[in-house]
Amino acid sequence: MQLSIVIPLLNEEESLNELYNWIASVMRFNSFSYEIIFIDDGSTDNSWKTIKKISAEDPFVKGIKFNRNYGKSQALHVGFEKAEGDVIITMDADLQDNPEEIPELYHLIIKDGYDLISGWKKKRYDSVLSKNLPSKLFNAAARKTSGLKLHDFNCGLKAYRKAVIKNIEVYGEMHRYIPVLAKNAGYFRIDEKVVQHQARKYGKTKFGAERFIYGFLDLITIWFLSTFARRPMHLFGALGVLMFFFGFLFAIAIGASKLFKLYKGVPSILVTDNPWFYISLTTMILGTLLFLAGFLGELILRSSREKERYRISETTGEI
């Protein structure tokens, strides 16, 4: 199979038929072998009924329904798990991503040998203050932190080589950083393509301004995980040893100063009355705790097991 098109969605019943017809038309025109996987992330409208109806009429359409809203990352995770195509395309269900981009994305992966192509919505039809400006700041921070020169990390329209999506873990809210996850997994052939962005035709966006706050927090998380996830002792242990060392030096200096003044007969305050004594003691205690945190992190890393991340209530098509 050449293409798997993975589409996570939440309450998009109005756009689903139009999106399906558009994708199917592009697939037939280019003679692709394909599957379309809709992942209903706990919709409360008639999205699932629409997906079931489409799937009953077209064997190339498959559907997965979560029993509640788990988030886009979990929807992409299960979609990646089920995808069978040589190239996997992700796109949003709100008709803002153009299916006409799919053939070129496919050829960039297959013919040009890229591992991942990320869409770049160079011209956007969103609010400048609530979306465009925060998005520019967010992407600038992501570029600086990750080292990837992408303009639009959060674009839903992306193309992946099959090996990439089978070897990365998308969890939490990390769907924004799949290119970074791919890079960390050893896939370096990553580039971007300018794609057409269309104004939302139905409904309203499911994401508010708070997603950028969460995005920056996730950026810090992924920086930490990419650098220290497999070796937490390198961070916590190093900081712990450093703090303990400086605290110990301060304690030695305070003690030596006290003994020197006693030897010279110079009046001096009690060691316990010296504020630097408590600073050095606190520093040593914090250093010890950080070292223990690193040690515990190593133990947890070696004994952790995969936990349940979502529950599927129903499927349709040959899943």
Aromatic ring proximity [X]/[Y], centre distance under 6.0 Å:
X: Phe80; Y: Tyr160; result: yes
X: Tyr34; Y: Phe60; result: yes
X: Phe32; Y: Tyr106; result: yes

Verdict with supporting geometry, Lys183 and Asp115, salt bridge (charged side-chain N to carboxylate O under 4.0 Å, His left out): CA-CA 10 Å; Lys183 179 188 173 186; Asp115 295 315; over 6 Å; no
Nearest heavy-atom pair of [X] and [Y]: which atoms, and what distance?
X: Gly247; Y: Ser280; answer: O-CB, 3.2 Å
X: Ser43; Y: Lys65; answer: O-NZ, 3.8 Å
X: Leu9; Y: Ala93; answer: CB-CB, 3.7 Å
X: Trp120; Y: Cys155; answer: N-SG, 4.5 Å
X: Val26; Y: Pro99; answer: CG1-O, 3.7 Å
X: Ser146; Y: Val180; answer: CB-CG2, 3.7 Å

Among [options], side-chain contact (heavy atoms from CB on, under 4.5 Å) partner for [X]:
X: Leu150; options: Ile190, Asn139, Leu116; answer: Ile190
X: Ile109; options: Arg189, Arg161, Lys162; answer: Arg161
X: Thr90; options: Ile37, Val6, Leu157, Ile7; answer: Val6

Is there a donor-acceptor pair under 3.5 Å between the side chain of [X] and the backbone N or O of [Y]?
X: Thr315; Y: Ile64; value: no
X: Asp58; Y: Ile54; value: no
X: Asn69; Y: Asp41; value: yes
X: Ser257; Y: Ala253; value: no
X: Lys193; Y: Ser118; value: no
X: Asp40; Y: Ser47; value: no
X: Ser55; Y: Gly63; value: no

Please determine whether side-chain contact (heavy atoms from CB on, under 4.5 Å) holds for the pair Asn98 and Val195, giving the CA-CA distance in whole Å, both sets of side-chain angles, and the decisive distance to 0.1 Å. CA-CA 8 Å; Asn98 190 337; Val195 296; over 6 Å; no
As an exercise, state the distance from [atom1] of [X] to [atom2] of [Y], rounded to the nearest 0.5 Å.
X: His151; Y: Leu148; atom1: NE2; atom2: CG; value: 12.5 Å
X: Lys121; Y: Gln196; atom1: NZ; atom2: CD; value: 11.5 Å
X: Leu290; Y: Met233; atom1: CG; atom2: CE; value: 10.5 Å
X: Glu12; Y: Leu19; atom1: CD; atom2: CG; value: 9.5 Å
X: Glu169; Y: Ile165; atom1: CD; atom2: CD1; value: 11.0 Å
X: Thr283; Y: Trp276; atom1: OG1; atom2: CH2; value: 9.0 Å

Phe277 CZ: over 12 foreign heavy atoms closer than 6.0 Å: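 Atom CZ in Phe277 is crowded, with more than 12 foreign heavy atoms closer than 6.0 Å.
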Is Lys49 atom NZ crowded by more than 12 heavy atoms from other residues, nucleotides or ligands, each under 6.0 Å away?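 Count not over threshold, so no.
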[X]-[Y] co-clustered via ILVMFWY side chain contacts under 4.5 Å:
X: Phe244; Y: Leu289; value: yes
X: Phe248; Y: Ile285; value: yes
X: Leu249; Y: Ile254; value: no
X: Ile5; Y: Ile110; value: yes

Could you walk me through whether Leu3 and Ser33 pass side-chain contact (heavy atoms from CB on, under 4.5 Å), step by step? CA-CA 6 Å; Leu3 278 165; Ser33 57; over 6 Å; no
Could you verify whether a donor N or O on one side chain and an acceptor N or O on the other, from [X] and [Y], lie under 3.5 Å apart?
X: Glu100; Y: Trp22; result: yes
X: Asn184; Y: Tyr187; result: no
X: Glu35; Y: Ser4; result: yes
X: Gln2; Y: Asp86; result: no

Can you label the angle between the Tyr70 ring and the Phe66 ring as parallel, tilted or perpendicular, going by 30° and 60°?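 The rings of Tyr70 and Phe66 stand perpendicular, inter-plane angle above 60°.
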Would Ile23 and Met27 count as a side-chain contact (heavy atoms from CB on, under 4.5 Å) here? Give the steps. CA-CA 6 Å; Ile23 294 173; Met27 295 298 102; 4.0 Å; yes
Please write out which residues are connected to Phe29 in a hydrophobic cluster, directly or through intermediates, given that two of Ile, Leu, Val, Met, Phe, Trp, Tyr count as joined at side-chain heavy-atom separations below 4.5 angstrom.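 Answer for Phe29: none, a lone residue.
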Is the shortest side-chain N to carboxylate O distance from Lys72 to Asp92 below 4.0 Å?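 Salt bridge present between Lys72 and Asp92.
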Audit row: Lys158, Ile89, side-chain contact (heavy atoms from CB on, under 4.5 Å) steps and yes/no: CA-CA 6 Å; Lys158 290 182 174 68; Ile89 303 288; over 6 Å; no
Contacts of type salt bridge (Lys or Arg N to Asp or Glu O under 4.0 Å), residue Lys82, not counting sequence neighbours: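 In terms of salt bridge (Lys or Arg N to Asp or Glu O under 4.0 Å), with neighbours along the sequence ignored, Lys82 is linked to no residue.
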Flag side-chain contact, heavy atom, 4.5 Å: Leu239 against Phe236: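 Leu239 does not reach Phe236 side chain to side chain.
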